[in-house]
Visitor: 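This is the structure, below, for whatever I ask next.
This chain uses plain numbering: 1 for the first residue, then up along the sequence. What you see is a predicted model, and the numbers here were worked out from it, not measured in a lab.
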Amino acid sequence: MQFTANQIATLLNGYVEGNPDVLVNQLAKIEEGEEGALAFLSNPKYEHFLYETKASVVIVNQDLQLIKPVEVSLIRVKDAYSAFSELLRIYDQLRNERSGIEEPSFIHESARIGQELYLGAFSYIGRDVVIGNKVKIYPQVYIGDGVAIGDNTVIYPGVRIYHDSKIGDSVVLHSGVIVGSDGFGFAPQKDGTYRKVPQIGNVVIEDQVEIGANTVIDRATLGSTTIRTGVKLDNLIQIAHNVEIGANTVAAAQTGISGSTKIGENVVLGGQVGVVGHIQVATGSQIQAQSGVNRSIDQENKKWGGSPAMPYSRNLRSQVIYSKLPALEQRIAELEARLKELYNETR
């Protein structure tokens, strides 16, 4: 696909400074730009690349003051970073435009399918499934009985959605996501064995949620495991049975949340955060990577770190003390030796 600088400027509500008819056919970082490439500049640290880039067009802020002439055509916009992000979104949408039902695939006769469905080959849609309009389901997806999927949702290859799960509008499930697998419920027996507790609840994922590759969300024992509107989950995350994650919360890779825990709205969980079960994490909490949360967090909009998690500033002070422990141990040993000498001298 080729576009002129003027076409892109019109799309982004900007204006061209330079040749409006120059063509671009690819996107690139400004330092790696070549002829036919479109790049952007928003961080002043990279401004020197503007005067040496080989890209054909660069998106810049309206208020950028040039310190010398440039050969590249500029598209001036209010916010270069936001404009380029919007361009990436449009480009991705065009690149992934799919339609129709590919064969072989299976759709149960009782399933209700909305308009403009894309269904990739080797996919399975079970009994009583309801799928909204403009849904894209890529190859090798399994959708179990009684699942409901809202409008404009995208389900990438290899996703597995177990029975009775509810997926909202404009949800994105990346490859390998599993929704609705059994929660980890086993009852210990007197003879030391474990008996499985049937998991008869479901998973509810609300609107505008994005879930990264190979993340698993377990179904509830009773009721629902719930992911609220706007949540963003990274790759390789485990969400256990009956967990509730509040709206617009984000979690980085390898986070694990144990059963029946409730995470508030606008919470930030860093990578490899572990959260025990049956607790609550307050709205606006920010939890540092590799922290272990072993009790409820009741104060809103606070930062936490460490394992067990503690207020962030206290954790930083603790780390300083930890780093000094070897030296402190040596000093104590020296003091003990000196005291022993003094004791022997006085006998």
Visitor: Taking atom CD1 of Ile125 and atom CD1 of Ile143, what is their separation to the nearest 0.5 Å?
Guide: 5.0 Å
Visitor: Counting only heavy atoms not in Arg331, do more than 12 fall under 6.0 Å of its CZ?
Guide: no
Visitor: Under the salt bridge (charged side-chain N to carboxylate O under 4.0 Å, His left out) rule, collect the residues that match up with Arg127, sequence neighbours excluded.
Guide: Asp145
Visitor: Is Glu341 salt-bridged to Arg338, going by a charged N under 4.0 Å from an acidic O?
Guide: yes
Visitor: Between the main-chain N or O of Gly259 and the side-chain N or O of Asn242, is there a donor-acceptor pair closer than 3.5 Å?
Guide: no
Visitor: For residues 55-71, which side-chain donor-acceptor pairs fall under 3.5 Å, sequence neighbours excluded?
Guide:
unit_1: Ser56; atom_1: OG; unit_2: Gly36; atom_2: N; d: 2.7
unit_1: Asn61; atom_1: OD1; unit_2: Ala80; atom_2: N; d: 2.7

Visitor: Is Ser181 reaching over with its side chain to a backbone N or O of Asp218, donor-acceptor style, under 3.5 angstrom?
Guide: no
Visitor: If you count every heavy atom of other residues, nucleotides or ligands that lies below 6.0 Å from Tyr46 atom OH, does the total exceed 12?
Guide: no
Visitor: Residues in salt bridge (charged side-chain N to carboxylate O under 4.0 Å, His left out) with Lys196, at least two apart?
Guide: Asp182
Visitor: Would you mind telling me which of Phe122, Tyr124, Tyr142 makes a ring-ring contact (aromatic ring centres under 6.0 Å, His included) with Phe106?
Guide: Tyr124
Visitor: Anything under 30° is parallel, anything over 60° is perpendicular, the rest tilted; go ahead and classify Tyr118 against Tyr138.
Guide: perpendicular
Visitor: Report whether Val16 and Leu87 are members of the same hydrophobic cluster (ILVMFWY, side-chain heavy atoms less than 4.5 Å apart, transitive linking).
Guide: yes
Visitor: Is there a ring-ring contact (aromatic ring centres under 6.0 Å, His included) between Phe186 and Tyr194 once you walk through the steps?
Guide: CA-CA 6 Å; Phe186 296 90; Tyr194 289 85; 7.1 Å; no
Visitor: Taking the side chain as every heavy atom from C-beta outward, state whether Ile217 and Ile205 have any atom pair closer than 4.5 Å.
Guide: yes
Visitor: Counting only heavy atoms not in Glu35 (residues, nucleotides, ligands), do more than 12 fall under 6.0 Å from its CD?
Guide: no
Visitor: Near Glu334 CD, under 6.0 Å, is it more than 12 heavy atoms from other residues, nucleotides or ligands?
Guide: yes
Visitor: Would you call Lys232 and Glu210 a salt bridge, taking side-chain N to carboxylate O under 4.0 Å as the test?
Guide: no
Visitor: Once rounded to the nearest 0.5 Å, what's the spacing between atom CD1 of Ile30 and atom NE2 of His48?
Guide: 9.0 Å
